[in-house]
S.K.: 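Have a look at this one before I ask anything.
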Amino acid sequence: MTDYMNVSPTPLTRRAMRLSRSPGRREATRSRFAEPVNAEPEPSEPVLFAGHTRPEQFFFFCSSVWIGLPMVLVLFADTLGWRRRAWTSPTPWLAGLANLPASFVHWGDYHEHGRKQVVDVALAGLQLLTLLGETAYGCGWFASGAPDLAADAADAAADVANATADAAAAPTLLTAAAAAAPSPLLMASPEERQLLGVLWAALVVFAWLDVFHPVHSQQLLGYSTTSVTGTRLHVRRSPRLARPQLTPPADDHPKATKRLARGADAQHSFVISCL
Amino acid sequence: MPNIHSLFLVSDGRPPPRRRARRAAAAAASPRPPPPLAQFGLRYLACSIGLIHSGWPAAYDAAAPVAASLHSMAILLAVAVAQYAACAAAARRWELPDTVGGRGLTSPQLVLGLAGSVGFFLLALAALQR
């Protein structure tokens, strides 16, 4: 006589039992098995960055114009009612001048992993690096020893007065750069330095999210952010790692968990080596 | 006895209208794709840092550079968000697909996008002077 109680359940039955543990999973089970014939495929969550969509491309094309905003304010400070700082290095603005048309051309005719994208990303990185150098110089991050804040504030006030006079006499960028004051600290107040530090920290976080898309942004933000630099990094990966699993598989098998960990480690090491 | 499945077939091979309407309703109810947060944040912060380095509005006193910087950043954020909303509306109107690949933007779209971005640029300049 067959003992029906000792018959092992089929895989489908085991899966249904596992999915029915919690109310949310019971609902998922019901929705999954409600219409087995006419059920439409569920929209899959994009786990791998495969390029920018057309709406994103159009927005990035339009927002490229912001690269030139500080440059225009520096060049036409008097006309635009802008009080220029005492010393302004032309390097970030020259990099921005080169990056502006490159960004328009790149996003106007966007192709993944194209040459235009490489040029645009390189120029944007150059602009960020020069801007970081100017911030470090203006805030005195490279100065040896503790900065004398009172003397720096007095020097900065004198620089502002000199710059205003210079701007009235010859409002050109290179003239202002040539009339640079000897004071190394241009950000007079410590609050301003703190603000710049916070902004740079936030920029680093966004750059990190951008490069390491979509693994970390999916975990932190709940959805995947888009990436420019990550495009090349993800595509250059080996085909075995091209489809990382962000969530463990349905059956929490120890071997599957180990495979997931190995894939994440390999991805991290590859991205770091590329950087 | 006639084949009952043939009653549900249509001549053009497309699904019946009721299913099309259900799919359209599901597509309309589906959440929109999230905004490109990392790219937006990168561009906004880079422009804000550049603004701080370039100076501050003349209406502000030199003794309060942080307030002037925050004022400039708030104006820039408002204009950038408005530009993003306008771009998203234009993309929906032009029915740009949420897919990767295919042909690029057309010339009218590029011209309109360029004109609109210059308009937002001038709007930001006008707002920064106040």
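Atoms considered below: every heavy atom in the structure, side chains included; atoms not considered: hydrogens, waters and symmetry mates. Chain naming here is simple, since letters A, B, ... match the order of the sequence lines and numbering starts at 1 in each.
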S.K.: Examine whether an atom of A:L199 lies under 4.5 Å from a heavy atom of chain B, and if so say whether it belongs to the side chain, the backbone or both; otherwise answer neither.
M.R.: both
S.K.: A:L131 and B:G50: which non-hydrogen atoms are nearest, and at how many Å?
M.R.: CD2-N, 4.0 Å
S.K.: Could you go step by step and tell me if A:F206 and B:L37 meet the side-chain contact (heavy atoms from CB on, under 4.5 Å) rule?
M.R.: CA-CA 8 Å; A:F206 278 115; B:L37 183 63; 4.0 Å; yes
S.K.: Below 4.5 Å from any heavy atom of chain B, which atoms of A:L203 appear? Answer side chain, backbone, both or neither.
M.R.: both
S.K.: When you compare the side chain of A:L80 with that of B:L125, does any pair of heavy atoms fall below 4.5 Å?
M.R.: yes
S.K.: Please tell me if the side chains of A:V74 and B:H53 come closer than 4.5 Å, counting only heavy atoms from C-beta onward.
M.R.: no
S.K.: If you take all heavy atoms of B:A91 and A:P55, which pair is closest and at what distance?
M.R.: CB-CB, 3.8 Å
S.K.: Do B:W56 and A:R85 make a side-chain contact, defined as non-hydrogen atoms from C-beta onward lying under 4.5 Å apart?
M.R.: yes
S.K.: Any side-chain heavy atom of B:L51 sitting closer than 4.5 Å to one from A:W66?
M.R.: no
S.K.: Is there a side-chain contact between B:C47 and A:P70, using heavy atoms and a 4.5 Å cut-off?
M.R.: yes
S.K.: Checking heavy atoms, do the side chain of B:A46, its backbone, both or neither come under 4.5 Å from chain A?
M.R.: both
S.K.: Counting heavy-atom pairs under 4.5 Å with chain A, which one of B:V66, B:L96, B:I49 comes out on top?
M.R.: B:I49
S.K.: What are the two closest non-hydrogen atoms of B:L114 and A:F61, and how far apart are they?
M.R.: N-CE2, 3.8 Å
S.K.: What part of A:V205 lies closer than 4.5 angstrom to a heavy atom of chain B: side chain, backbone, both or neither?
M.R.: neither
S.K.: Heavy-atom cut-off 4.5 Å, strictly under: side chain, backbone, both or neither for B:A90 against chain A?
M.R.: side chain
S.K.: Evaluate side-chain contact (heavy atoms from CB on, under 4.5 Å) for A:L195 paired with B:L70, printing each intermediate quantity in order.
M.R.: CA-CA 9 Å; A:L195 175 63; B:L70 292 178; 4.1 Å; yes
S.K.: Taking C-beta and beyond as the side chain, do B:W94 and A:F58 meet within less than 4.5 Å on heavy atoms?
M.R.: yes
S.K.: Please assess A:F60 against B:R43 for the test side-chain contact (heavy atoms from CB on, under 4.5 Å), listing each intermediate value before the final yes or no.
M.R.: CA-CA 9 Å; A:F60 296 151; B:R43 289 181 176 233; 4.2 Å; yes
S.K.: State, with a plain yes or no, whether a side-chain heavy atom of B:F120 is found less than 4.5 Å away from one of A:C62.
M.R.: no
S.K.: Look at B:V118, B:L128, B:L110 and state which one has the largest set of heavy-atom pairs under 4.5 Å with chain A.
M.R.: B:L110
S.K.: For residues A:W82 and B:S72, report the shortest heavy-atom separation together with the two atoms involved.
M.R.: CH2-OG, 3.7 Å
S.K.: Please classify the contact between A:T79 and chain B as side chain, backbone, both or neither, with a heavy-atom cut-off of under 4.5 Å.
M.R.: backbone
S.K.: With rounding to the nearest 0.5 Å, note down the distance linking OH in B:Y44 to OG in A:S63.
M.R.: 14.0 Å
